[in-house]
Amino acid sequence: SLRVCGGSAFTGCESGTIVHRRLPDDALNSAGCSEATEMIGHTLAVMAIRTGVDGKILTCSMDQSVAAWDAATLQRITLVPEAHDRSVHSLAAVSYTHLRAHETPEHLVCRLLLEKKKKNKK
């Protein structure tokens, strides 16, 4: 899976990682990209990557999970394991609220603690 958006390229790998590279401003005439950053979050192949205007990246995997990532920090915001009863091959334009609807109580507590931690840092 490959997604190019806003000067970045995201590649989904069979290992379950997403590789991010910042593209040069003049990508067509440039010799290379930035160093790769690995985003670790799935256990099987990443099948689709979707970027949104809300600063989120959504990914889905053969491991039946869907994950949301912060586009600025490349950190995983939430992972919904077994979001579906079979592998997830594509992502439609769904809201972050829809993704959160799949959260278990444990995921919700973890996400709220992370959001509180972020808020306290500012």
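In what follows, residues are counted from 1 in the order of the sequence shown.
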*List the atom of Ile40, the atom of Arg76, and the distance in Å for their closest heavy-atom pair.*
O-NH1, 4.1 Å

*From OG1 (Thr59) to CD1 (Ile18), nearest 0.5 Å*: 4.5 Å

*Going by heavy atoms in the side chains, are Trp69 and Ile49 under 4.5 Å from each other?*
no

*Please round to the nearest 0.5 Å and tell me the distance separating atom CD of Gln75 and atom CE of Met39.*
8.5 Å

_Nonpolar side-chain network containing Leu44, other nodes, edges under 4.5 Å_ = Met47, Met62

*Could you pull out the closest heavy-atom pair between Ser61 and Ala45, with the gap in Å?*
OG-O, 3.0 Å

*Report the distance from atom OG1 of Thr11 to atom NE2 of His20, rounding to the nearest 0.5 Å.*
10.0 Å

*State which residue, out of Ser15, Cys13, Ser65, fulfils the side chain to side chain contact (heavy atoms under 4.5 Å, CB included) condition with His42.*
Ser65

*Rounded to the nearest 0.5 Å, what separation is found between the OG1 atom of Thr51 and the CZ atom of Arg3?*
4.5 Å

*asked:* How long is the straight-line distance from CG of Leu58 back to OG1 of Thr78, given to the nearest 0.5 Å?
replied: 10.5 Å

*asked:* Restricting to side-chain contact (heavy atoms from CB on, under 4.5 Å), what partner residues turn up for Thr43, sequence neighbours left out?
replied: Asp63

*Can you find a pair of side-chain heavy atoms, one from Thr37 and one from Arg22, that are under 4.5 Å apart?*
no

*Can you hop from Ile57 to Val66 via hydrophobic side chains spaced under 4.5 Å?*
no

